[in-house]
Amino acid sequence: MSLPFPPQIERVLYTEEQIDERITQVAAEITARYRDRNLKLIGVLKGSVFFLTALARRLEIPVKIDYLAISSFSASKTVPGVVRIAKDLDEPIEGEDVLVVEDIVDTGLTLRYLLQTLAGRGPNSLGICTLLDRTSRRLVHVPVEFRCFEIGDHFVVGCGLDYKQLYRNLRYLAVMKLESKG
Ligand code: 5GP
């Protein structure tokens, strides 16, 4: 069963099959890198949940999983917002090999804040894995080690990414029809 194609969707960017194939490849890279280590995946709620689940199921090493949620407040769309942790991790990360799992890295501001915060808790290592990377809009450098797809400047939904909390459950990644974006 599949969802009817929503009218606000402009086009499919990546199909379910393409996404599965790419996640399998990235999972193999992560398995190779973190074999014989203490890997903990940290999912950033809510957008990363679908990706993290698909990724974790393909890893061939034991992993721990924890989640946190971020809130950002911005006075305007051009002024970087203030970011804070709205829901913290359940467990400490001291001495662990942490991989932060994101849905999309855009300006990098959210992740920079997150990495600074997590680094202060003494993990053995701290890496980033993202489903989507939009480097063209980056404002600050963040070291993305694993990415599934590099995308252009269009607003994307599906596979956990939402528009007004809708469309997270689309199995494909799609470009939204938005008035403000070309
Ligand atoms: P950054 O701090 O890197 O600018 O923001 C990353 C966050 O912005 C993502 O976790 C996501 O919530 C949101 N975001 C950025 N681009 C998109 C997009 O194309 N689609 C959706 N649904 N969210 C986006």
Side-chain angles (χ1 to χ4, degrees), residues 3 5-16 18-19 22-23 26 40-56 65-89 98-120 126-182:
L3 290 168
F5 201 77
Q8 279 171 294
I9 300 297
E10 189 176 289
R11 64 188 164 92
V12 174
L13 195 58
Y14 292 106
T15 64
E16 185 179 358
Q18 289 172 314
I19 296 162
R22 190 66 193 117
I23 293 178
V26 170
K40 177 176 275 184
L41 303 178
I42 292 185
V44 184
L45 295 171
K46 304 170 191 171
S48 76
V49 169
F50 289 78
F51 173 47
L52 186 147
T53 304
L55 182 74
I65 297 174
D66 205 344
Y67 292 96
L68 52 71
I70 294 284
S71 298
S72 43
F73 310 89
S74 185
S76 87
K77 284 189 176 170
T78 50
V79 178
V82 178
V83 183
R84 70 169 181 88
I85 292 182
K87 179 231 170 278
D88 209 336
L89 298 170
V98 169
L99 197 54
V100 176
V101 180
E102 263 284 24
D103 52 357
I104 179 166
V105 185
D106 190 31
T107 62
L109 291 168
T110 308
L111 261 181
R112 183 179 65 171
Y113 164 80
L114 204 54
L115 291 181
Q116 281 170 353
T117 305
L118 295 179
L126 197 49
I128 300 169
C129 175
T130 187
L131 176 64
L132 302 177
D133 200 356
R134 195 191 283 122
T135 51
S136 60
R137 278 176 41 91
R138 202 70 101 245
L139 293 178
V140 292
H141 172 73
V142 282
V144 176
E145 288 176 80
F146 304 97
R147 79 171 56 79
C148 291
F149 303 103
E150 167 79 42
I151 63 162
D153 193 12
H154 24 241
F155 192 83
V156 175
V157 294
C159 293
L161 289 103
D162 75 308
Y163 175 65
K164 297 186 178 175
Q165 297 302 327
L166 283 173
Y167 307 125
R168 292 190 197 277
N169 61 325
L170 293 178
R171 293 184 186 181
Y172 48 86
L173 283 159
V175 176
M176 281 287 296
K177 287 178 194 161
L178 289 182
E179 300 304 316
S180 55
K181 290 233 169 184

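When a ligand or atom number is given, it counts from 1 through the structure's own listing order.
Using cut-offs of 30° and 60° for the angle between ring planes, the Y163 and F155 rings count as perpendicular.
For ligand 1, the 4.0 Å heavy-atom shell contains residues E102, D103, I104, V105, D106, T107, G108, L109, T110, R134, H154, F155, V156, L161, D162.
Side-chain atoms of Y167 and Q8 include a donor-acceptor pair closer than 3.5 Å.
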Only distances under 3.5 Å count here; give the side-chain donor-acceptor pairs of residues 43-55 to other protein atoms, sequence neighbours excluded, each with its distance to 0.1 Å.
residue: K46; atom: NZ; partner: Q165; partner atom: OE1; Å: 3.4
residue: S48; atom: OG; partner: V44; partner atom: N; Å: 2.9
residue: S48; atom: OG; partner: V44; partner atom: O; Å: 3.0
residue: S48; atom: OG; partner: V101; partner atom: O; Å: 3.4
residue: T53; atom: OG1; partner: V49; partner atom: O; Å: 2.8

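Atom CG of L126 and atom CG of L99 lie 9.0 Å apart (nearest 0.5 Å).
Residues satisfying the side chain to side chain donor-acceptor pair (under 3.5 Å) test with R112, not counting sequence neighbours, are none. The salt bridge (charged side-chain N to carboxylate O under 4.0 Å, His left out) search around D88 returns R121, not counting sequence neighbours.
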